[in-house]
Number of protein chains: 2
Amino acid sequence: MEPIKQRYSHQRETILQVVQSTLVHPNADWVYKETRKIIPNISLGTVYRNLNQLVESGRILKLKDEAMVRYDGNTGQHDHFRCSKCGKWYDVELIDQSIFKSFAEKHDFRIESFNLELEGTCKNCLDS
Amino acid sequence: MEPIKQRYSHQRETILQVVQSTLVHPNADWVYKETRKIIPNISLGTVYRNLNQLVESGRILKLKDEAMVRYDGNTGQHDHFRCSKCGKWYDVELIDQSIFKSFAEKHDFRIESFNLELEGTCKNCLDS
DNA sequence: AAGTTAATAGTAATAGTTACTGTTATGTTT
DNA sequence: AAACATAACAGTAACTATTACTATTAACTT
Ligand SMILES: [Mn+2]
Ligand SMILES: [Mn+2]
Ligand SMILES: [Zn+2]
Ligand SMILES: [Zn+2]
């Protein structure tokens, strides 16, 4: 069988740029609203479909929030801190990943990704 | 203002026992079906309300699955491996938590919980 | 230029969860 | 023990994030 053909689409590239242009780790609706500033008649379904494809092809990351999915244009190795008060996501410095690598070998699983998430209260919320 | 009064309820205690009796890290519907074996006319709303209360009071843990919430009756310190093929959650041995503790001090955040999640393919799925 | 079909806009449907409402049961006060 | 106050309940409606559907458009192939 033939390889799946993925065609270029203006919408997909715009969505990718929107996700890559921010540090907010947006959800689908945020991406939708931002993308509509560039393509006013884009459909919400198109945003969802393309976000999923971009995750599938590894060009963006998928994050799990409380009751929503969030996306991350930064596909480099990093972890997250989530503020339980304001809901903001912050990138944090990575612990040496070799810790996890050696850990992986103790188990009978094929480990494909490590995800370390810290939760608490951010500086902003602590100050105010 | 007075402290919130939490009354005993047969339903809540049964739900707690159901969650504590398993290692599957169940979602709300699984808990609902299991609890109905004991209290046949319990309402799904009651299950959700009590699961939330049990999380709130720290008697069970809340986990984020792909598009669902899961619960864990094991509130001891441990981490998880999730199989992306069969969706099962496994408890895994904890890395020395002091790693995270020292890490926390580098940041201007008040860190309240660490959550390490590994994803990949489990032994069962690798074999078959 | 004509043909193929991936991708789209728009909308309907699904699924997990929460909100509401009248009734029941738990814990308290007479 | 009886009356009371209200947390919790069963049952159901509403909400919300996401996916599915459908007729049309546009990207690539021949
Ligand atoms: Mn990030
Ligand atoms: Mn567990
Ligand atoms: Zn905050
Ligand atoms: Zn598996």
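Nothing here was measured: the structure is a model prediction, and the numbers come from that model. Quick note on labels: first sequence line is chain A, next is B, and so on, each numbered from 1. These values consider heavy atoms only, across backbone and side chains, with no hydrogens, waters or symmetry-generated copies.
Checking B:H10 against B:N27, the closest nucleotide of DNA chain C that is more toward the 5' end is the one next to B:N27. Where B:G45 and A:D29 meet DNA chain D, the nucleotide closest to each residue was compared, and B:G45 sits on the side nearer the 5' end.
Side-chain proximity of A:Q11 to the nucleotides C:dG16, D:dA10, C:dT8 is greatest for C:dT8. In the set D:dC9, C:dT17, D:dA10, the nucleotide with an atom closest to the side chain of B:S9 is D:dC9. Taking every side-chain heavy atom of B:Y8 into account, C:dT26 is the closest of C:dT18, C:dT26, D:dC9. The nucleotide whose nearest atom lies closest to any side-chain atom of A:Q6 is, among C:dT17, C:dA25, C:dA7, C:dA7. Of all nucleotides listed (D:dA5, D:dC9, D:dA26), D:dA5 comes nearest to the side chain of B:R7.
For the pair B:K5 NZ and C:dT28 P, the interatomic distance rounds to 8 Å; values are reported in whole Å. Regarding B:E56, its CD atom lies at a distance of 16 Å from the P atom of C:dT17, rounded to whole Å. Rounding to whole angstrom units, CZ of residue A:R70 and P of D:dA17 are separated by 12 Å. Residue A:L63 contributes atom CG, which lies 17 Å from atom C1' of D:dT18 at whole-angstrom precision. Protein atom CH2 of B:W30 is 18 Å distant from nucleotide atom C1' of C:dG16, rounded to whole Å. Between A:E13 atom CD and D:dA27 atom P there is a gap of 12 Å when expressed in whole angstrom units. Regarding A:I15, its CD1 atom lies at a distance of 12 Å from the C1' atom of C:dA9, rounded to whole Å. In this entry the distance linking CG of A:L44 with C1' of D:dT19 reads 11 Å, nearest Å.
Contact between the side-chain N/O atoms of A:N50 and the OP1/OP2 oxygens of C:dT8 is found at a separation under 4.0 Å. An OP1 or OP2 oxygen of D:dT19 is reached within less than 4.0 angstrom by no side-chain nitrogen or oxygen of A:Y48. Taking 4.0 angstrom as the limit, A:N52 places a side-chain polar atom (N or O) nearer than this to OP1 or OP2 of D:dT19. Proximity of B:S43 to the phosphate of D:dG11: no side-chain N or O atom is located under 4.0 Å from OP1 or OP2. At the phosphate of D:dA8, OP1 or OP2 sits under 4.0 Å from a side-chain N or O atom of B:R12.
Ring geometry, A:F109 versus B:Y90: the interplanar angle falls from 30° to 60°, so the pair is classed tilted.
Exactly one residue among B:H25, B:K62, B:Q20 makes a side-chain hydrogen bond (donor to acceptor under 3.5 Å, both in side chains) with B:D72. That residue is B:H25.
Under the 6.0 Å distance and 45° angle rule, A:R36 counts as a cation-pi partner of A:Y32.
With hydrophobic clusters built from ILVMFWY side chains whose heavy atoms lie under 4.5 angstrom apart, A:I60 does not share a cluster with A:L63.
For B:S84 (side chain) and B:G120 (main-chain N/O), a donor-acceptor pair under 3.5 Å exists by modelled atom type.
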